[in-house]
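One structure below.
Note that the numbering runs from 1 along the sequence shown for the chain.
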Amino acid sequence: MLCCIEVLLTPAEFQALAGRDLSQSVCVVFDVLRASSTFVTALANGAAAIIPVAEITEALAVRARQPDVLLAGERNGLRIGGELSGGVEFDLGNSPQEFTPAQVKDRTVVSTTTNGTRALRACAGARRVLVGSFLNLDAAVRAVLAEQPDHLLLVCAGTGEGVALEDVLAAGAFCERFRAVSQNVDLDWRDSAEVARESYRAVKHDLVAAASRSQNARRLRRLPELSQDVEYCLRLDQFNVVPGLDRTGQRLTTG
């Protein structure tokens with residue numbers, strides 16, 4: 001078996017995906033701080049599904065059709081308030097620690113974030129779209145290995161149009177672990193995958209400190225109510241849950 005491994009390092013690369021055939025590709029989206037960590041946590045804590053949407057108006061439209069959904073999301077890191085949504089206060093922000101079993105068990109959550117939901121949408125047309133984070137890294141590696149993809153595309157959600165260090169390190173950690181367990185797979189490493197893997201290898205003995213120096217981590221640490229999210233999102237292998245888009249391409253579940 002031959003598997004080509006490629007990493008999209010920045011959102012600036014998303015647009016080109018629309019012109020590519022991803023029908024034989026498995027995509028894993030990383031938005032460590034914080035959307036992918038939040039999605040993993042929500043489903044691990046019993047949420048029925050996550051509906052990722054790009055815009056606030058889309059989230060409100062889903063609520064209009066399904067009044068029992070929870071609205072979640074952020075702009076500039078903060079929970080969406082009525083000033084941005086025509087007076088509708090969102091139930092949750094984008095902090096994974098808000099998504100407790102008491103809040104989300106058996107509930108469907110509609111989420112809109114700055115980059116994470118955009119990254120998921122960029123993978124439309126892929127054979128399988130999964131969500132990765134440090135929290136479910138080992139489970140994500142095993143899930144991809146079970147898919148036996150011809151092409152593995154690791155998508156870093158980034159910050160704005162630029163790179164996010166923590167996403168690159170997570171993709172690199174994934175590459176390192178995938179290589180270790182892929183004895184019967186012939187791996188075709190693209191340079192982007194080597195960049196991510198070598199970035200991770202350079203700091204893996206002090207991963208938390210390295211990722212904590214990222215732009216997103218520094219921004220969150222300046223907000224007292226969100227500062228603990230950084231340490232939480234950098235924990236390794238806390239959950240055996242791998243969110244994936246269902247057949248409709250509209251909902252994240254663990255099925």
Take R219 and E166, measure what salt bridge (charged side-chain N to carboxylate O under 4.0 Å, His left out) needs, and give me the verdict at the end. CA-CA 13 Å; R219 175 175 54 85; E166 67 278 3; over 6 Å; no
Walk me through whether L245 and R251 qualify under side-chain contact (heavy atoms from CB on, under 4.5 Å). CA-CA 5 Å; L245 286 176; R251 295 160 59 93; over 6 Å; no
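- Residues satisfying the side chain to side chain contact (heavy atoms under 4.5 Å, CB included) criterion with R247, sequence neighbours excluded, are absent altogether.
- Between E176 and R201 there is a salt bridge, since a side-chain N of the basic residue sits under 4.0 Å from a carboxylate O of the acidic one.
- Side chain to side chain, E74 and T114 meet the donor-acceptor criterion of an N or O pair below 3.5 Å.
- Summarising the geometry, atom CG belonging to D167 is positioned 8.5 Å from atom CG belonging to N115; distances are rounded to the nearest 0.5 Å.
- Under the side chain to side chain contact (heavy atoms under 4.5 Å, CB included) criterion, A126 pairs with L22, C27, V129, not counting sequence neighbours.
- When the side chains of ILVMFWY residues are joined at heavy-atom separations under 4.5 Å, either directly or via intervening members, L236 and V40 end up in two distinct hydrophobic clusters.
- For S23 and D21, the side-chain atoms include at least one donor-acceptor pair closer than 3.5 Å.
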Can you give me every donor-acceptor pair (side chain of residues 82-92, partner residue at least two apart or in another chain, under 3.5 Å) with its distance?
residue: S85; atom: OG; partner: G81; partner atom: O; Å: 3.1
residue: S85; atom: OG; partner: V88; partner atom: N; Å: 3.4
residue: S85; atom: OG; partner: V88; partner atom: O; Å: 2.3
residue: E89; atom: OE2; partner: G82; partner atom: N; Å: 3.1
residue: D91; atom: OD2; partner: R63; partner atom: NH2; Å: 2.8
residue: D91; atom: OD2; partner: L71; partner atom: N; Å: 2.8

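- Within a 6.0 Å sphere centred on CG of D68, heavy atoms belonging to other residues, nucleotides or ligands number more than 12.
- No side-chain donor-acceptor contact under 3.5 Å links Q215 and T159.
- Neither side chain, R34 nor T113, offers a donor N or O lying under 3.5 Å from an acceptor on the other.
- Neither side chain, Y232 nor S95, offers a donor N or O lying under 3.5 Å from an acceptor on the other.
- Residues D229 and Q97 bring a donor and an acceptor atom of their side chains to less than 3.5 Å of each other.
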